[in-house]
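Below is one structure, written out as structure tokens, with a few remarks after it.
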Amino acid sequence: MIKIEGVAVSGTPDEPDFSGLEGGEEQAAEDALQEVVNWYNTQIIAERRAPVPDEERIEELKAGRQAALADQAQLATADPEEAGRIAAVYAARLRELKES
């Protein structure tokens, strides 16, 4: 077991453990997906407000957001294992987006 910021978590560093969160894997996946969608929304707004908006970038951002929304819709029927996988994928995706 590892302690991160005062919270004990199990699992490996490569595999997030959301078992301690209220709502389990489904809630963690929903939260991660929503954060990614929010990131895309913020970027789209910022690009549209730019003095010279990059329409190609806007389309790329909209496509990324649409993919996240499609995964969010599939989450409603996902089993806990699939929800855990989605949570891990989108947590990693959010880190990538914030670093870019």
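- Minimum interatomic distance between Leu33 and Ala68 (heavy atoms only, all atoms of both residues): CD2-O, 3.4 Å.
- We find the CD-CD distance between Gln34 and Gln27 to be 10.5 Å, quoted to the nearest 0.5 Å.
- Of all the heavy atoms in Ala32 and Ala91, the pair that sits closest is CB-N, 4.0 Å.
- Every residue two or more places apart in sequence or in another chain that forms a side chain to side chain donor-acceptor pair (under 3.5 Å) with Glu96 is listed here: Arg93.
- For Gln74, the side chain to side chain contact (heavy atoms under 4.5 Å, CB included) partners are Asp71, not counting sequence neighbours.
- From Arg48, atom CZ reaches atom CG of Asp54 across 12.5 Å, with rounding to the nearest 0.5 Å.
- Atom CG of Leu75 is separated from atom CD1 of Ile86 by 5.0 Å, given to the nearest 0.5 angstrom.
- Under a hydrophobic-cluster definition in which Ile, Leu, Val, Met, Phe, Trp and Tyr are linked whenever side-chain heavy atoms come within less than 4.5 Å, directly or via other members, Val37 and Ile44 are assigned to different clusters.
- Ala28 and Ala87 get closest at one heavy-atom pair: C-CB, 3.9 Å.
- Separating the CD atom in Glu59 from the NZ atom in Lys62 is a distance of 4.5 Å, to the nearest 0.5 Å.
- By the criterion of side-chain heavy atoms lying less than 4.5 angstrom apart, applied directly or through intervening Ile, Leu, Val, Met, Phe, Trp or Tyr residues, Trp39 is not grouped with Ile58; the two fall into different hydrophobic clusters.
- Residues satisfying the side chain to side chain donor-acceptor pair (under 3.5 Å) criterion with Glu35, sequence neighbours excluded, are absent altogether.
- Judged purely by distance below 3.5 Å, without hydrogens or angles, the side chains of Gln43 and Arg57 pair a donor atom with an acceptor atom.
- A pairwise comparison of heavy atoms in Ala83 and Ala78 identifies N-CB, 4.1 Å as the closest pair.
- Taking CG of Leu94 as the reference point, atom CG of Asp31 lies at 11.0 Å (rounded to 0.5 Å).
- Here the CD1-CG distance, from Ile45 to Leu61, works out to 11.0 Å after rounding to the nearest 0.5 Å.
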